[in-house]
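Data block below; observations after.
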There are 2 protein chains.
Amino acid sequence: MFQLSKKVEYALIAIRHMVSGGKGKIYTTKEIADRYQLPYELLAKIMQKLSKQGFITSYQGVNGGYMLVHNPAEMKVADIIHTIEGKPAVTIVQCESSSLEECSIHTTCTIKNPLIKLQSNLNKVLDELTVMEMF
Amino acid sequence: MFQLSKKVEYALIAIRHMVSGGKGKIYTTKEIADRYQLPYELLAKIMQKLSKQGFITSYQGVNGGYMLVHNPAEMKVADIIHTIEGKPAVTIVQCESSSLEECSIHTTCTIKNPLIKLQSNLNKVLDELTVMEMF
DNA sequence: TGGATATACGACTATTCCAGTCCTATTTCA
DNA sequence: TGAAATAGGACTGGAATAGTCGTATATCCA
């Protein structure tokens with residue numbers, strides 16, 4: 001139920017790798033995929049997303065790769081999840097996401113409002129965890 | 001990523017319904033399914049699981065149904081999830097579950113240990129939430 | 001005692017999501 | 001100009017989820 005997807009795992013592994021190697025260094029996707037035996041194409045897409053979102057900067061062409069932008073303490077795991085998954089890390093109730101109309105049982109659903117508190121509690125835990133803590 | 005399954009949603013709706021109606025009353029699956037427009041057969045299986053686990057007691061035959069056993073404050077949402085899903089609510093890292101051998105990248109995986117703490121934090125949040133809080 | 005109503009439960013189907021792959025384009029350097 | 005890198009869309013296979021179907025069993029009561 002509450003489990004990280006492979007994509008997020010790979011993203012965390014990659015970022016952690018880049019952090020541990022120093023901030024000014026450029027890393028290629030291939031290098032990281034080889035090092036941790038991750039599927040190259042999948043990792044490539046993950047790196048693209050991280051880059052688009054500004055966690056890392058990309059350099060194309062020969063000798064290109066990715067470079068870390070932020071300090072570990074500035075990268076929240078919640079934001080990384082959001083970036084990779086394309087939606088907030090925690091959306092506890094399925095009908096929560098959007099307008100009430102989209103939930104077929106919204107008129108009779110009794111659990112939505114009470115669970116909002118759970119959602120915010122989970123969010124708090126994820127917001128407090130930065131890449132810094134992963135060492 | 002962190003979202004309740006339909007089954008768990010239905011379980012919570014059903015339990016909340018039974019709580020709000022009083023403890024000594026018997027409710028049928030059909031009654032609850034109709035009230036909240038939930039698929040009957042699916043809800044039936046959920047009720048069976050809740051019954052097997054002792055959250056509710058079942059009465060077969062005519063005039064049968066289910067009756068609440070515990071007080072709202074005694075029912076942890078985490079336990080309900082575990083019952084319905086058949087596994088702990090939080091298993092944050094996929095390779096975490098069992099012996100290290102089963103994780104293909106365990107020798108190089110750098111994120112597992114740091115995330116154990118996240119797991120316990122999430123567990124704490126879920127353990128503190130009882131059905132009582134859902135009102 | 002038989003029919004109606006309820007739970008019990010296994011098997012099956014459909015759909016959605018996830019992980020991974022494939023292919024092509026673009027950028028950059030030497 | 002060719003090699004090495006990112007960029008990104010399209011596709012596939014498999015697993016998990018949601019939902020359905022069929023049958024057995026228990027119980028009540030007319």
Side-chain angles (χ1 to χ4, degrees), chain A residues 1-11 13-14 18 25-34 36-67 69 81 83-87 91 94-95 97 102-105, chain B residues 1-11 13-14 18 25-34 36-67 81 83-87 91 94-95 97 103-105:
Chain A
M1 172 119 307
F2 296 140
Q3 192 176 37
L4 299 184
S5 67
K6 290 282 184 192
K7 286 182 196 170
V8 171
E9 281 191 19
Y10 298 165
I13 289 174
M18 296 177 80
K25 199 164 171 295
I26 286 184
Y27 300 87
T28 67
T29 301
K30 184 174 183 307
E31 181 182 348
I32 298 176
D34 284 352
Y36 299 97
Q37 307 262 24
L38 310 179
Y40 172 77
E41 283 92 356
L42 188 53
L43 182 61
K45 292 217 180 115
I46 291 166
M47 300 300 274
Q48 285 162 26
K49 282 187 180 173
L50 290 174
S51 161
K52 258 193 161 178
Q53 200 56 31
F55 287 103
I56 56 183
T57 43
S58 72
Y59 299 93
Q60 291 196 339
V62 174
N63 299 331
Y66 296 96
M67 200 177 73
V69 170
I81 293 175
T83 295
I84 300 299
E85 302 288 332
K87 60 188 176 192
T91 51
Q94 305 200 344
C95 60
S97 52
E102 289 182 25
C103 177
S104 58
I105 60 169
Chain B
M1 172 119 307
F2 296 140
Q3 193 176 36
L4 300 184
S5 68
K6 290 282 184 193
K7 287 182 196 170
V8 171
E9 282 191 19
Y10 298 164
I13 289 174
M18 297 177 79
K25 197 163 174 296
I26 286 186
Y27 300 87
T28 67
T29 301
K30 184 173 183 307
E31 181 182 350
I32 299 177
D34 284 351
Y36 299 98
Q37 306 263 23
L38 310 179
Y40 171 77
E41 285 91 355
L42 188 52
L43 182 61
K45 290 214 181 121
I46 291 166
M47 299 300 275
Q48 286 161 27
K49 281 187 180 174
L50 291 174
S51 161
K52 259 194 161 177
Q53 200 57 31
F55 286 103
I56 56 184
T57 44
S58 72
Y59 299 93
Q60 290 196 339
V62 173
N63 299 329
Y66 296 97
M67 201 177 70
I81 293 175
T83 293
I84 301 299
E85 301 288 332
K87 60 187 175 192
T91 51
Q94 305 200 343
C95 60
S97 51
C103 178
S104 59
I105 61 169

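In what follows, every chain begins at residue 1, and chains take the letters A, B, ... in the order their sequences are listed.
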With sequence neighbours excluded, what pairs up with A:Gln53 under the side chain to side chain contact (heavy atoms under 4.5 Å, CB included) test?
A:Phe55, A:Thr83
In the 5'-to-3' direction, what one-character label does each nucleotide of nucleotides 5-12 of chain C receive under the scheme B = base within less than 4.0 Å of a protein heavy atom, S = sugar-phosphate only, - = no such atom?
BBBBBBB-
For A:Lys45, check salt bridge (charged side-chain N to carboxylate O under 4.0 Å, His left out) against everything at least two apart and list the hits.
none
Non-neighbouring partners of A:Gln60 that pass side chain to side chain donor-acceptor pair (under 3.5 Å), sequence neighbours left out:
none
Test ring pair (Phe, Tyr, Trp, His ring centres under 6.0 Å) applied to A:Tyr66 - qualifying residues, sequence neighbours left out
none
Partner set under side chain to side chain contact (heavy atoms under 4.5 Å, CB included) for B:Lys52, not counting sequence neighbours:
none
Partners passing side chain to side chain donor-acceptor pair (under 3.5 Å) against A:Gln48 (at least two apart in sequence or in another chain):
none
What is the first contacted nucleotide of DNA chain D and what is the last, in 5' to 3' order, if contact means an atom lying under 4.0 angstrom from a heavy atom of chain B?
D:dA18 to D:dC29
Pairs under 3.5 angstrom, nitrogen or oxygen only, protein versus nucleotides 13-19 of chain C, please.
residue, atom, partner, partner atom, Å
C:dA19, OP1, A:Lys6, N, 2.6

Could you pull out the closest heavy-atom pair between B:Ile84 and B:Lys49, with the gap in Å?
O-NZ, 3.2 Å
Side chain to side chain contact (heavy atoms under 4.5 Å, CB included) partners for A:Ile26, two or more places apart
A:Tyr59, A:Met67
Which residues satisfy the side chain to side chain contact (heavy atoms under 4.5 Å, CB included) test with B:Lys30, sequence neighbours excluded?
B:Thr28, B:Asp34, B:Tyr40
Set of salt bridge (charged side-chain N to carboxylate O under 4.0 Å, His left out) partners for B:Lys25, sequence neighbours left out:
B:Glu31
